[in-house]
Amino acid sequence: MELRYVPTVCPFCGTGCSFNLVVKDGRVAGVAPFQRSPVCDGKTCQKGHYAYELVNSEARITTPLIKKGDELVEASWDDALAVVADGLKGVSGGDVAVFASANATNEDIYSLKKLASDVFKTENFTSCAATGVDASAGSIRDIAKADCIVAVGNIFESHPLIARRIANAKDNGAKIITVDSINSSMAKLADEFVKAAPGGEIEAVKEAAAFVEGSSIVVLYSIGVTYYEAAVAAAAKALADEKGATFCALPSQSNARGALDIGVAPAGEIFGKEYKAYYVMGEDLGPIEGGFVVVQDSFLSGTAKSADVVLPAAVYAEVDGTVTNAERRIQLVRKAQEPAEGVKANWQIVSEVAEKLGGSIAYESAEAIFNEMYGDLSYDALQKDGFVKEAKAAVIAECAEPAAVSAGGEYPFALVTGPTVWHGYGASGTLSENCHSLVKEIPAIFVKVNPADAKELDVKSGQMVSVSSEKGSISAMVKVSKDVDQGIIFVPTMSLGGECICKITGGDKAIAAKIEKEA
Amino acid sequence: MAAKGDMLWAWAKDSGALDRGECGGAVTALLKYALESGEVDGVLTVKKGVDLYDAQPILVTDPEMIAECAGSLHCGTLLMPKLIKKYLNGARDMKIAVTMKGCDAKAFYELVKRQQIKIENVLTIGLNCGGSVSPIDARVMIEEKFGLNPDDIVKEEIDKGQFIVITKDGEHKGIKIDELEEEGYGRRANCQRCKTKIPRQCDLACGNWGVIGDKAGKATFVEVCSDKGAELVTKANGKAIETTKPVGPALDIRGKVEGAMFKLGDKCRKEQFEKLGEGRKRLDYIMDQTSRCIKCYQCIENCPICYCVECSTKKEHLVDPGDVTPPFMFHLIRYSHIADSCVNCGQCQELCAMDIPNALFMHSLQLEMQEMFGYEPGVNLDLPVLALVEEPAERKRLNDTGDDQIFNIFGQE
Ligand SMILES: Cc1cc2nc3c(=O)[nH]c(=O)nc-3n(C[C@H](O)[C@H](O)[C@H](O)COP(=O)(O)OP(=O)(O)OC[C@H]3O[C@@H](n4cnc5c(N)ncnc54)[C@H](O)[C@@H]3O)c2cc1C
Ligand code: SF4
Ligand code: SF4
Ligand code: SF4
Ligand code: SF4
């Protein structure tokens, strides 16, 4: 019998915690703490802890699929690659858009970028990480040493192991100022809580300035996935600049930092447009209608279901590679088990597709890709603590400011959004959806409703309701909670079971909405 | 012939094991012997991972591999028995030998009582333990207090009340543990409170305390604690290990060191528990700290006493699923289910995502319950307090008296 530990990096958020995968007779059997992690000292949140469950999940796809009529049917790699070549032949430049998951490794994203530029000759290469916010300074550990911290967003649920450092700072006597739109855990830890009106984050950040005092100040902004991230981040950065504070914008995906470093076009310029062909690696953009769609994924995501070809990809536990966390630390993702039969690493799939299309993106190994990216580093140099890249000046894109929500009439509630610790969105959502312990806690997208509103609506916790805005509607599970004030409802930024927050918000941070009981 | 109760100095016959071993390499030699002779099918022990701060458990089945695991890793804050339960089917279908610190040994017994590990199939090699240091804390301490680069350290040890490091250039530097701990560095808080220094509940208890004179550093002090341990030593003697009777004041010295460690443990307990406060103040503190909980489940998943397939904290009628912050009930369930048997292994604190001093709360409760009910967890196979209650009889008493307290903890009857 064989039993060994393989340390690796959590595939979920940008904190970059590590854990050991416990490998029993060649297969991932569980998880154990990796106390040697320079980021988390062996601690993880629930997502990190249960991330092992997705590795050998029944839901994994292990054969290529091609669309026949309305159905996806199993195919051989040769046949699937032939269909890919056929569908993409002659389509290039502005007609193609390529999407990379920001939960994929640097090596995967880098090789995909080459496919976009060298083979498809397109600049339409993006990822959910490209929110227009590129700002990372300081270190996670040093947050504990600050004497004043401004937390913008519910970092407790978006980046729990960074919230830990904020709690440490508080215990060391620091003043904590939170800006959030609900009475979140982050708000409850605060000495000063500035509650943002729905859509009013920017004003709230400005208001928070009055409370800032100290000689070692840190401003943290938790990046979400709306169209207004850059606007709120700019306000947070302005506050940091004014107070001489360290400013760090925390990316929501495990390798969003890496994706930004590799270079991704602003998401807003690429998303929501129509193309002749879409090439999607590990991201869930929801169903894509029209155009020829190729998806590389480990699970049958919403996008995969609508694809013309689905190529089965290995999961994090089956590959070597690197990811870069919020504090710019490049860390090793290590292969703990051989890829499931019939499944290949994302960069390998890219290489095979390139070859079919007459290109050449061939590498010996993930390490060879890394060596091309970072000539002066090596996997060996990353073994212990990874490598922390130097901070660059923050770059925050121009961005329209969100409008205040005017609830009333048909849409009486102001719906606000924010993170939940249990699930993610897009690619992260695909991952968490396949960890049964996380689904057990939160089996459906939920809506938090104030007790008085719940009474008026005559709804109870656990009940399914329909939540709609003028953009669309979703079915959600009620959670009656004092975390939201009367007149406000909260829906987390998550996707689960085909239902997605984006259907009602369409990229807004907050919107007017209504709740109706389901028949 | 070795017998239960014997005290020996032992060292590996194989000079390689003797060199690589922490003391006399006796543990390495005994493990290798047990594997080679077929006494066990596998050895669960610890090896260096990415560096000496990273202790990785490993199941060794090739005797030649054992020597690679020689030496003590003081940053190995592991919990070995939980691994036996989780990944080795509780040793139900294989015989294993395992190295254990005191907290491992206590956790092992509690898991055995709960029928999670088959004790007959496990050979327990206890290691005396002065304490362990969390890896990153150790690195920070070496940098900040020792003024050394943690990557230059080739060996760390705890000896004569000092934490000592040796650099690759051969430089030794030691600082008194007292001094380090006063400044918040050093051993884990639970280790500071720990009084299981020589794990006599194991088959053998091995350490360096009590090895003096020209054997100092070259022999392992072995206390034979069971017939099984005696049998292993007897068989291995002359083949894998050499032994001799401790000479001079060795036993005395060992006893004194253990006594001094107990005193230190008592002092740390007093200090730490005092900070916790009493009564309402204590409750407020606990409620304030746990209000930071994100429900990561680490305190449950890593606790040796938590073994239930259906955990009450996951029952919807007790704790609403998916809430962050979870209600205080989430923690109350843990306190009530575990406190009587907490072995102060520290896992629930070291691994808490929010640095909540869970082990401190639980250990303080455990000690109070020990005073009330006389149950000391982890020392033998006696059943815990909760198991002492006859369910039908207890239910009848509750019904008859209208009482709702399973234990009358507030007033003496
Ligand atoms: C954290 C720690 C603290 C200790 N403190 C003391 C002390 O204060 N006083 C004292 O007398 N003795 C102490 N010991 C025991 C001592 O260091 C030696 O392990 C013991 O004397 C056996 O020596 P040896 O040469 O025969 O062991 P070796 O032949 O070197 O074999 C040691 C065995 O222990 C295993 N091991 C190493 N680290 C760990 C770990 N963290 N958890 C479980 N297994 C491990 C190794 O894999 C190896 O198999 C401590 C040991 C540890 C691990
Ligand atoms: S905080 Fe983020 S990186 Fe850490 S375990 Fe949780 S999801 Fe993973
Ligand atoms: S709790 Fe006790 S036995 Fe366990 S590592 Fe700490 S000092 Fe050693
Ligand atoms: S409650 Fe904590 S300290 Fe006690 S046995 Fe469980 S994990 Fe160990
Ligand atoms: S380990 Fe800490 S944060 Fe996690 S569930 Fe337990 S008390 Fe809460």
Side-chain angles (χ1 to χ4, degrees), chain A residues 1-7 17 20 22 24 29-50 141 154 156-157 160-161 163-165 167-168 170-171 184-185 188-189 332 383-385 420-422 437-438 440-443 446 461-462 477 479 481 483, chain B residues 41-42 44 47 49-61 75-79 82-83 86-89 93-94 96 132 134-140 150-151 289 291-298 301-302 314 316 319-326 347 350-356:
Chain A
M1 190 196 288
E2 182 217 38
L3 184 76
R4 61 192 174 90
Y5 277 26
V6 179
C17 304
N20 277 302
V22 181
K24 190 174 165 183
V31 64
F34 179 56
Q35 287 92 338
R36 177 64 181 83
S37 161
V39 176
C40 69
D41 308 12
K43 302 158 192 269
T44 64
C45 78
Q46 45 272 62
K47 284 206 293 300
H49 184 78
Y50 294 114
R141 179 166 299 274
N154 185 10
F156 257 76
E157 297 207 44
L161 271 292
R164 165 201 179 204
R165 292 306 186 187
N168 291 157
K170 184 172 169 112
D171 286 342
S184 60
S185 312
K188 287 169 197 159
L189 187 81
L332 281 179
Q383 289 291 345
K384 295 183 190 172
D385 295 292
T420 165
V421 73
W422 303 99
S437 298
L438 300 173
K440 186 165 184 281
E441 296 272 343
I442 296 293
F446 63 84
S461 280
M477 187 179 75
K479 265 187 176 292
S481 167
D483 289 355
Chain B
D41 309 312
L44 181 64
K47 76 170 182 39
V50 299
D51 57 17
L52 84 163
Y53 304 99
D54 178 24
Q56 279 193 352
I58 182 169
L59 182 74
V60 183
T61 48
C75 296
T77 57
L78 304 156
L79 191 66
K82 187 103 184 192
L83 285 178
K86 261 193 180 169
Y87 301 113
L88 298 175
N89 192 27
D93 28 51
M94 76 187 292
I96 57 170
S132 60
S134 302
I136 301 296
D137 290 350
R139 288 175 62 86
V140 171
D151 290 328
Q289 286 288 315
S291 72
R292 297 172 179 186
C293 172
I294 57 160
K295 212 184 185 194
C296 72
Y297 283 112
Q298 298 296 348
E301 296 279 358
N302 294 292
K314 294 191 178 176
E316 282 181 32
V319 180
D320 262 341
D323 278 352
V324 174
T325 316
Q347 300 294 320
E350 191 184 15
L351 300 170
C352 172
M354 284 298 148
D355 290 334
I356 299 165

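This one's a predicted model, so the numbers in the text were calculated from it and none came from an experiment.
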Contact class of [X] relative to chain A, heavy atoms under 4.5 angstrom:
X: Glu316(B); result: neither
X: Thr77(B); result: both
X: Thr61(B); result: side chain
X: Val60(B); result: neither
X: Lys82(B); result: neither
X: Lys47(B); result: neither
X: Asp323(B); result: both

Among Pro38(A), Gly42(A), Gly30(A), residue most engaged with chain B (heavy-atom pairs, under 4.5 Å) = Gly30(A)
Considering only heavy atoms and a distance below 4.5 Å, find which of Asp171(A), Leu161(A), Leu438(A) pairs most often with chain B.
-> Asp171(A)
Do [X] and [Y] make a side-chain contact, defined as non-hydrogen atoms from C-beta onward lying under 4.5 Å apart?
X: Ile294(B); Y: Ser185(A); result: no
X: Lys43(A); Y: Pro160(A); result: no
X: His49(A); Y: Gln298(B); result: yes
X: Thr420(A); Y: Phe446(A); result: yes

Under 4.5 Å from any heavy atom of chain B, what part of [X] do you find: side chain, backbone, both or neither?
X: Lys47(A); result: neither
X: Gln35(A); result: both
X: Ser37(A); result: backbone

May I ask you to say whether Asp41(A) pairs ionically with Arg141(A), meaning some side-chain N is under 4.0 Å from a carboxylate O?
-> yes
Show your reasoning for whether side-chain hydrogen bond (donor to acceptor under 3.5 Å, both in side chains) applies to Glu441(A) and Tyr50(A).
-> CA-CA 12 Å; Glu441(A) 296 272 343; Tyr50(A) 294 114; over 6 Å; no
Return the option, out of [options], with the maximum number of heavy-atom pairs under 4.5 Å with chain A.
options: Leu79(B), Val324(B), Leu83(B), Ile58(B); answer: Val324(B)
options: Gly49(B), Pro57(B), Pro321(B), Gly322(B); answer: Gly322(B)
options: Leu44(B), Asp137(B), Asp54(B); answer: Asp54(B)
options: Lys86(B), Arg139(B), Gln347(B); answer: Arg139(B)
options: Leu351(B), Thr325(B), Val140(B), Asp320(B); answer: Leu351(B)

Could you go step by step and tell me if Gln289(B) and Asp355(B) meet the side-chain contact (heavy atoms from CB on, under 4.5 Å) rule?
-> CA-CA 9 Å; Gln289(B) 286 288 315; Asp355(B) 290 334; over 6 Å; no
Between Lys24(A) and Ala29(A), what is the shortest heavy-atom contact and its length?
-> CB-CB, 3.8 Å
Establish, yes or no, whether the cationic atom of Lys384(A) lies under 6.0 Å from the six-membered ring centre of Tyr53(B) and within 45° of the ring axis.
-> no
Apply side-chain contact (heavy atoms from CB on, under 4.5 Å) to Met1(A) and Asp41(B), showing your working.
-> CA-CA 9 Å; Met1(A) 190 196 288; Asp41(B) 309 312; over 6 Å; no
Residues two or more places apart in sequence or in another chain: which of them pass salt bridge (charged side-chain N to carboxylate O under 4.0 Å, His left out) with Asp93(B)?
-> none
